[in-house]
Amino acid sequence: MTERKLKLKAFGIAREILGSREVEIISSAQRVGDLRDGLLKAYPKLQGLKSFMIAVNQAYAAEDILITETDEIALIPPVSGG
Amino acid sequence: MTERKLKLKAFGIAREILGSREVEIISSAQRVGDLRDGLLKAYPKLQGLKSFMIAVNQAYAAEDILITETDEIALIPPVSGG
Amino acid sequence: MIKITAKPIDVQKVIDTASSLGAGAVNVFIGTVRDNAHRKNVRWLEYEAYESMAVAEIRMIIEEAAHRWKLMGWAVSHRVGTLRPGEVAVVVAVSAAHRKESFEACEFIIDAIKAKVPIWKKEVFEGGEEWISANPSMVINVN
Amino acid sequence: MIKITAKPIDVQKVIDTASSLGAGAVNVFIGTVRDNAHRKNVRWLEYEAYESMAVAEIRMIIEEAAHRWKLMGWAVSHRVGTLRPGEVAVVVAVSAAHRKESFEACEFIIDAIKAKVPIWKKEVFEGGEEWISANPSMVINVN
């Protein structure tokens, strides 16, 4: 798989775990599920979360969604608004 | 039965039927039920109402409640607040 | 606070009265005059209350709700007199620890007010007037 | 109106935005910061949002509710930043012809906001801090 540069946004506890609200990673992940697996390895603290979703272009993304370099990708830990 | 002077308050459509918010009547009614019967005869338009309750001293009164001359008696047509 | 008033209701003030530092949830119901009830053009409504009894009945309703849903604050204000479309007729506000209780309590209170409290409204529309809910022939679904 | 804002929320303005002349009922939910959540003394909460997505998600929730309950008006305002006990974190207001719809729609919207919308809060209490709902070990019943 080709490795690519992906820009990630991270919020809440995920932002604290990644250390920044915007992070650039090098990844060979083609789909959302691959990216999730990679992130759980790279940032083991994410495994401690009740759940985390990935949003692509401001919408919750299923595991099999393909990721491109221009997508806006975001890590969504359990929400707690209100 | 002794006839007594009773002061009635009337509200909403009952006020319009009795012609005034405060009415004095002469009545031999001892209990709420007797008073209701007398009022339905004296003011036949009350029969056209979906219901009407009588309150004694600012609380809904059952038919067998005794009435005294000093009680605050009120005619309560169907309520429609809010 | 229970208030029957001929003056316009200050909604924010009712909310503030019901609020509490220990509460995470406030629910507010505002009943307003519609311009088109029952397919008639409403010009105005005339509200009247048996004020002392209305306050006593609202107090009983509130006490039941406060106990059942452990309310931390509450306030009810009901307008009387002439109200035009858009004007606020009633405001119920309650606060509770959590949101579910606040919704349930507020709905219980407004439902009970509409069912039991001695307040009446007459609708004045183009071509006539009518005491709401008074006569059995009227099929009316009041909000 | 959907608003994510760092400034204090003007509740009356949210209500006014949701109101409609054809509506007889307005329901408003106000979520406030409690001083004593989960038996800890709360000093403040830090709210953050993924703003563009939060607005998009709220819009979808509103559209579903508006269709289901035939809403005549609606407005949602959610605060971000540092909030102290007593401050308003979120306001949802909807108007409908009748009261039952207004209660159901408002509760549906706030429930969905809390379940789906990318907004997070961290509780800062005496002796520590915690991202609400983030970790499975925490048993939390947030309002």
Side-chain angles (χ1 to χ4, degrees), chain B residues 6-25 31-33 35-37 39-82, chain C residues 2 4 29-34 37-38 45-61 76-80 83 88-92 106-107 109-123 129-143:
Chain B
L6 297 176
K7 277 184 199 157
L8 302 180
K9 288 179 188 289
F11 298 93
I13 196 167
R15 171 178 56 72
E16 290 189 351
I17 290 170
L18 268 65
S20 173
R21 190 165 168 138
E22 310 239 351
V23 174
E24 250 186 37
I25 61 162
R31 293 172 194 274
V32 166
L35 177 63
R36 175 198 300 280
D37 294 343
L39 286 168
L40 286 167
K41 270 180 214 152
Y43 303 96
K45 281 188 179 169
L46 291 175
Q47 296 167 26
L49 300 185
K50 198 154 64 179
S51 69
F52 86 91
M53 305 281 281
I54 290 172
V56 175
N57 300 328
Q58 300 159 26
Y60 291 107
E63 301 290 284
D64 61 348
I65 295 289
L66 281 166
I67 295 167
T68 72
E69 269 173 292
T70 55
D71 284 333
E72 184 173 316
I73 304 166
L75 269 68
I76 314 281
V79 302
S80 53
Chain C
I2 298 169
I4 311 284
F29 176 80
I30 305 166
T32 55
V33 177
R34 298 166 66 192
H38 330 126
L45 295 185
E46 298 283 348
Y47 278 84
E48 74 180 75
Y50 179 11
E51 201 172 314
S52 54
M53 181 173 164
V55 169
E57 289 285 322
I58 294 172
R59 190 170 303 282
M60 281 194 286
I61 292 165
V76 171
S77 197
H78 201 301
R79 183 88 182 274
V80 289
L83 274 80
V88 171
V90 62
V91 180
V92 177
C106 190
E107 191 164 15
I109 292 167
I110 185 65
D111 284 355
I113 287 175
K114 282 169 179 264
K116 292 190 215 168
V117 174
I119 300 177
W120 298 267
K121 60 172 166 259
K122 182 165 71 173
E123 204 171 80
E129 55 176 53
E130 213 151 34
W131 285 99
I132 301 297
S133 300
N135 298 104
S137 56
M138 294 168 67
V139 179
I140 280 184
N141 183 5
V142 182
N143 60 72

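Just so it is clear: chains get the letters A, B, ... in the order the sequence lines come, proteins before strands, and each one is counted from 1. Quick note: numbers below take in every heavy atom, side chains included, and nothing from hydrogens, waters or symmetry partners.
Annotation for C:W120 and B:P77: closest pair NE1-O, 3.0 Å, computed over non-hydrogen atoms.
When heavy atoms are compared at a cutoff of 4.5 Å, B:F52 does not approach chain C at all. Contact annotation for B:A59: only backbone heavy atoms (N, CA, C, O) come within less than 4.5 Å of a heavy atom of chain C. For a residue to count as touching a neighbouring chain, one of its non-hydrogen atoms must lie under 4.5 Å from one of that chain's; by this rule C:A49 touches chain B with the backbone only. Contact of C:Y50 with chain B is made through backbone and side chain together, with heavy-atom distances under 4.5 Å. In this structure, chain B has a heavy atom under 4.5 Å from the side chain of C:E57, while its backbone stays farther away.
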Inset, instruction - Would you sort out whether C:W131 and B:R15 count as a side-chain contact (heavy atoms from CB on, under 4.5 Å), showing the intermediate values? - result: CA-CA 11 Å; C:W131 285 99; B:R15 171 178 56 72; 3.6 Å; yes
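Atom CD of C:E51 sits about 10.5 Å away from atom CD of B:Q58, to the nearest 0.5 Å. The OG atom of B:S80 sits 11.5 Å away from atom NZ of C:K122, with the distance rounded to the nearest 0.5 Å. Between the CD1 atom of B:I13 and the CD1 atom of C:I132 there is a distance of 10.5 Å, given to the nearest 0.5 Å. Atoms CG and OG, on B:L49 and C:S133 in that order, are 11.5 Å from each other to the nearest 0.5 Å.
Between C:M53 and B:F11 the shortest side-chain heavy-atom distance does not fall below 4.5 Å.
Of the listed residues (C:V90, C:I113, C:V117), the one with the most heavy-atom contacts under 4.5 Å to chain B is C:V117.
Pairs passing the salt bridge (Lys or Arg N to Asp or Glu O under 4.0 Å) check and including a residue from residues 65-77 of chain B, sequence neighbours excluded, do not occur.
Judged by distance alone, the side chain of C:H78 and the main-chain N or O of B:G82 form a donor-acceptor pair under 3.5 Å. Between the C:N135 side chain and the B:G48 main chain, a donor and an acceptor come within less than 3.5 Å of each other.
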